[in-house]
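Down below is the structure, laid out as structure tokens.
What you are looking at is a predicted structure, and each value in this text was computed from that prediction instead of being measured.
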There are 2 protein chains.
Amino acid sequence: MQEIMQVAAQVFRDKGYSEALTAQIAARAGVVEGTIYRYFPGKRDLLIRVVEQWYERILADYDQQLRVLQGTRARLRFLIWRHLTVIHNEPGMCRLIFNQLRAWPEYRRTTVFDLTREYTRRTLEIVQQAIDAGEFRADLPLRIVRDMIYGGVEHHTWVYLRGEGDFSPDTAADAMTELVYRGLACEQPASSQRPPRPAPAEVTLRRLEAVARRLEQSAGAKGGSARV
Amino acid sequence: MQEIMQVAAQVFRDKGYSEALTAQIAARAGVVEGTIYRYFPGKRDLLIRVVEQWYERILADYDQQLRVLQGTRARLRFLIWRHLTVIHNEPGMCRLIFNQLRAWPEYRRTTVFDLTREYTRRTLEIVQQAIDAGEFRADLPLRIVRDMIYGGVEHHTWVYLRGEGDFSPDTAADAMTELVYRGLACEQPASSQRPPRPAPAEVTLRRLEAVARRLEQSAGAKGGSARV
DNA sequence: TTCATTAGTGAGTATTGCTCATCAATTTAG
DNA sequence: CTAAATTGATGAGCAATACTCACTAATGAA
């Protein structure tokens, strides 16, 4: 069965989903076509399993790398750069995820879906921490920030994924990080240092925002369906 | 032939590309299956023609509306809002474009491709003009800005396109415009011009409003299924 | 009237994901 | 140690569906 998945991964990568024939996968795996359907309910499920296995491997050392980094900017850049790099290194798999998997109704019940949520949640955390620290402003919805980061990354890589060009993960990550960072950063220390006026209201606001966050989390935690 | 395209548009919208059967399109159009292939080389080309026709109609009054608007921020917001609104109003067609058309090799030879380029070129122009006017900084690649805008929009609308939630074009457009604008704006005119400091009370109010908004959202998120 | 062109037909084909009755091998039971 | 049962694999065949093509009907020109 591992043999089938290995071969399937390769064929899917090379030919894309609809051009990859179950007959060919079976032949290359040295089994007959019916054998595939003993282990997988259908071609779609085969792809899902293949992608899931790949994705878990990709995300394995992810947290470890992130934990080392200090500072909002460095951590944000790492997230962006990482995503860009995965796409750059594995265009075949990413094409399958972007074009096929994500369009299917089964997608939500996939661990790819869950892992992606987990993956992007890191981004929200970093932004949230920066907000708490007074580094970022608090008046933009976190989701929008996440959408612009990940959407921007994918949009940027389309041409490459269509096999019609290339891109530099480093250059792109620098520019995107800069744009997001400046878009979210509080007023630059114009003249004097940091908090020119801590203002009692500031403390109050921070605590209000913390309350809101807790409410969000508790409200979100109970519903099992989609949110945030 | 117009009849076939009309029907095809409807069936594609309703059922998606692969679930839409040529037999069904033919039947509903009151012709036999072979007739479709007299006018269109294949099912793919039929979809392409359908989308092209739709897209041209969508972009018809686009420039006219844009020309009226003054100011970088208003124009940027319009572009973003417009894209969000099209997706919100025509999820079926947009799904077809995002999931099918754009993944095909023929895509580049499509007028949809050209029209999209033309469409996003407006964004680059606006940003470029703001750079020339000294309103925006010049050290970020224009393409990145464009990618984050359009990628962000699409990423934001996924859940809705999967039929699992909703979004507000207005709210999203506000937030995205703000993020991009602040990310690109040059240092605020520190001394002269503009409210040098928006007055602490104003800042406090804005942030309180943001807190309120988040509370509303989290309160709303718990009921029903997914949204916002 | 006749020929040519165009529009349309529908029976048929090729491809391909998938099923299922059957066989072989391996494990468990008596 | 034989018999039964479970598991693994087979491959012939089915069903769905995009697409083809030889042929007919209608329309227009000479």
B/Q100 and B/R95 side chains, donor-acceptor separation under 3.5 Å
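Judged by distance alone, the side chains do not pair up.
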
Test: B/R102 cationic atom under 6.0 Å from B/Y107 six-membered ring centre, within 45° of axis
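No, a cation-pi geometry is absent between B/R102 and B/Y107.
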
Mind calculating the distance between [atom1] ([X]) and [atom2] ([N]) to the nearest angstrom?
{"X": "A/R38", "N": "C/dA24", "atom1": "CZ", "atom2": "P", "value": "16 Å"}
{"X": "A/I4", "N": "C/dG17", "atom1": "CD1", "atom2": "P", "value": "15 Å"}
{"X": "A/I25", "N": "C/dC18", "atom1": "CD1", "atom2": "P", "value": "11 Å"}
{"X": "A/Y17", "N": "C/dT16", "atom1": "OH", "atom2": "C1'", "value": "11 Å"}
{"X": "A/F40", "N": "C/dG17", "atom1": "CZ", "atom2": "P", "value": "15 Å"}
{"X": "A/K43", "N": "C/dT15", "atom1": "NZ", "atom2": "P", "value": "15 Å"}

Before accepting this row, confirm whether a basic side-chain N of the pair B/R38/B/E33 lies closer than 4.0 Å to the acidic partner's carboxylate O.
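Salt bridge: no.
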
Pair B/R137 + A/E178, salt bridge at N-O below 4.0 Å
yes

Choosing from C/dG17, C/dG8, C/dA21, which nucleotide comes nearest the side chain of A/L21?
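Closest of the options to the side chain of A/L21: C/dG17.
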
Need two values: the first and the last nucleotide of DNA chain D, 5' to 3', having an atom under 4.0 Å from any heavy-atom of chain B.
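That gives a stretch of D/dT17 to D/dT20.
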
When the ring planes of A/H83 and A/Y150 are compared, do they come out parallel, tilted or perpendicular, using 30° and 60° as the limits?
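Plane angle between 30° and 60°, so tilted.
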
Along DNA chain C (nearest heavy atom to each residue), the more 5'-positioned of A/R44 and B/Y39:
B/Y39

How is B/A26 classified with respect to the nucleic acid when contacts are heavy atoms under 4.0 Å: base, sugar-phosphate, or nothing?
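The residue B/A26 makes no contact with any strand.
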
Ring centres of B/W104 and B/Y17 under 6.0 Å apart?
yes

